[in-house]
Amino acid sequence: MNEPPREPDASVAIELSRRKNEGLRTSLVEARRVAAPYLTMTRIAVAKLGASRLARVGAVLLACLALTAIFADLLASDLPVACRWRGVAYVLPNVTRPPALAGETCSRMRATRAAGDWILEPLVAFGPAQTGGDGEILVPPLAKGHPLGTDALGRDLFARVVHGARTALSVGLGASMLLVAIGVALGALAGFSGGLIDGLVSRTIEALTAIPTLVLILVVGALVPQPTTATLLWTIALTRWTELARLVRGEVLTALAQDYVTAARALGASPVRVLWRHVLPNAIAPAIVAMAFGVSSVIVLEAAVDFLRVGSPDSMASWGEAMGEARSHGDAWWLVVFPGFALLTALLASSLVGEAARDALDPRLRTELV
Amino acid sequence: MLRYALRRVLWAIPTLLGTSLILFLVTTLAPDPTPAAPSADAPSADDALAEEARRARFLDLPRFLNTNPQDVRSRALDAVAHVASGDARHEEAARELQQLGGAALPYVLPRLEALPPDERRRVAVALVPLAVRMELSGAQELTRPEAAVLFWTRFWDDRALDFAPAAVSRAVARLVEHGSQLRESELVSMDTFALGEVVHQMTVTDDRVALERLTRIARHATERGPALAPDASAAEARRVVANWQEWWFVHAPDFVRLDGAARVVAVVTETRYGKWLKRAVSGELGVSATDGEPIAEKLRSRAPITFLVCVLAVLSSWSLAVPIGAFGAWRQGRAFDVASSALLFFLYATPTFAVAEVLRRATGGSFALGPRLALAVGALAAASLATLSRWQRAAMLDVVSRDFVRTAKAKGVPAWRVATVHALRNALTPVVTLAGLHLPTVVGGAFVVEEVFSLPGLGFETLRAIEARDNAWLMAIVLVSAAAVTFGLVLSDVICGALDPRVREVLLRRQGGLDG
């Protein structure tokens, strides 16, 4: 009889949301474990995210890609993973690049090995930038030690695809982090300060929205004397922050009209504290969602630019570049299929995660950010 | 409704200005063609070329505000001062005087009187090559400084009245109407003073013989630029005229007097941004670096293909996306919804260039223009289809759960009527807005599919321009695509307003920010 008053029960809310949203398979037990005893936005979001099977699939795929990117040198490299060469032992020479091994490759080391030398080769003994001789050009898959074949310069496609994951993910994550930082900062500034600054930021957003990003990236790449990956990254970040800034500005304006902000002000909170403690947390949801979708849109842009053969001129491995090469080599189907598969996996995975994050955090964003 | 549409169009102007400002800042990324070490004493041909390239991009002007705009008068007086004093820069100044030519005479000759005899002689001698160029009688025999001074004093007494704008336009008009050797030499003797009118007439007249004469006169006065050959083709003639127009656009301040209101305006217009904007607005986008063809001409010949691809792709993806998305949401969770959602999600994640490349390979690639165009539209539409129908589904889902839909069903309205009239009409508005925001992606995608299917549109040409580093084309293309997208955004907002009166009210009330 002396049961304590029940605290707000996560299971009820989750169950309600399950009924409303047929797609979510929430087990009550799991939800209790995650969300008890109080419901916070984070707890609800985590519970919903964990409950979405598609989000799990996407997260696993993304994790696989990330692991591939991190350990790309173990999967494919022109130098061994570890070796003892001319009496000296090297650990990860393919990462540290010791000068003593400059100019060597796995195959040459294998052929000229002296007594007492040993080499531990990576999974595929070719580097992404290592070009082959005459016999190595456009080798079909599974021939001459190339599991996925080679491209028109005799570079191993497996190595290009594996190292391409590194390019795609680093540009994707880097540019999205930049654009989220810019978008949140400017959006919050515009919403919070209003007046002239708001007008300026809003006009900038409208103006930038009108410029097709792909066209701008192509043109900027052609105008700067030495385009690099950093140029691409900054161009994307400086043009794509607008959608997020628009959303953040809206969130900030809504929050400023709430009673709790008035209350905080009445209690003497400084504008900085009001912004940081009471207003900005509202912008977290759109920021996370924009980040997730940003990764996929940046990867697409990077691949498209490289596909059109105007991307980073340094020999960075890139999926788009490999697919672009296939245009002038009609029968080399492997140049389209394998990089295309990797690209599609990355895009599907990040879109799945983005979708689930949006549904979990803020279903209102559904029609605003796709 | 009309008031709303007008209001929306007006709202696009600050946006366009902002866009132009951003694009202008992008132009500053292009490397500055300054010679490594500008050598004052021995100007080489390279230096002159680099200087010309700098001028063509207005790098000699300040960026946004020109507090002291230079005109022919200030340049001429400056050069006279240097020549007269015979200082270190006097040779350079003499060259400058020759370049300014006849246009400088109305400011130089009246001042001769006021100068001390020594300086007067120096200036008069510096002007002798100009007299030769103007083919004035007796110019060849002017060897003594005193003779030169006398010559120029007399010249100005006789001819001062001819150096007036009205006289020039009369002379040029006469030349165009009934050209003769006499009329031509009359203009030659006015030298650069007549240039503005001459270049203007070039663009107006369609008489070939007159055009030949005009280009010859301009070439004579400026000692540069192409003259039209009698057997040149029509395209050649267009190119020559464009070259002169371009040159005049860059160099006009050297030969024109700025005073009164013109001087005030020049504070803003004689700047890098002012020149750039003026050029963009007037549609004279310069001359292509690869083949010397006017950019505007090239744009006109390439744009229809890109426009066609974009419009067809948007229309076809729309006409599919709306029913698929709406029907999927109406039957949420049923087989059609699940299947179409899965398929569209897959398509949504596939980049346009991959779709295009796969389509090209699957069909073998090389056909006539027609089928290639159809394939390009298909590839582009596939990408938009996924995005648009997902939006449509989300918007429809939102509307279907509203009370008025339930009420309509409860009143016994037929299901199809509820779906179309009650639900779909309300679900269309957000999608129209979003479709406008989707336009930049469509334009970017059009560039890709043109390249894949070798359609000679704007995108195809842009990629060639990137290879050739044709900066004039690149700037023009960003400008044009941004303008086109802005126009599309306005259009989508106007359609939105037509569908939903609430949208109209919001805009008519709006004062500043982005919304409400």
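Everything numeric here is computed off the predicted structure, so don't read it as measured data. Per chain, numbering begins at 1; letters A, B, ... match sequence-line order.
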Residue [X] versus chain A: region with a heavy atom under 4.5 Å:
{"X": "B:Leu479", "answer": "neither"}
{"X": "B:Phe487", "answer": "neither"}
{"X": "B:Leu474", "answer": "both"}
{"X": "B:Leu23", "answer": "side chain"}

Is the shortest distance from a Lys or Arg side-chain nitrogen in [X] or [Y] to a carboxylate oxygen in the other one below 4.0 Å?
{"X": "A:Glu355", "Y": "B:Arg390", "answer": "yes"}
{"X": "B:Arg360", "Y": "B:Glu357", "answer": "yes"}
{"X": "B:Asp493", "Y": "B:Arg8", "answer": "yes"}

Cation-pi geometry met for B:Arg302 and B:Phe460 (6.0 Å, 45°): no
For [X], which atoms come within 4.5 Å of any heavy atom of chain B: side chain, backbone, both, or neither?
{"X": "A:Ala346", "answer": "neither"}
{"X": "A:Ser296", "answer": "neither"}
{"X": "A:Leu352", "answer": "both"}

Options A:Leu348, A:Leu214, A:Thr204, ranked by heavy-atom pairs under 4.5 Å with chain B, top entry: A:Leu348
Heavy-atom pairs under 4.5 Å with chain B, option from A:Val215, A:Leu208, A:Val300, A:Thr209 with the top count: A:Val215
Chi angles and distances behind the side-chain contact (heavy atoms from CB on, under 4.5 Å) call for B:His438, B:Trp391: CA-CA 11 Å; B:His438 185 56; B:Trp391 277 333; 3.9 Å; yes
Pairwise side-chain hydrogen bond (donor to acceptor under 3.5 Å, both in side chains) hits with a residue in residues 445-454 of chain B, at least two apart: A:Arg327-B:Glu451, B:Thr306-B:Glu450, B:Glu451-B:Arg464
Student check: side-chain heavy atoms of B:Val485 and A:Pro212 closer than 4.5 Å: yes
Heavy-atom pairs under 4.5 Å with chain A, option from B:Gly18, B:Ala354, B:Ser481, B:Ala483 with the top count: B:Ser481
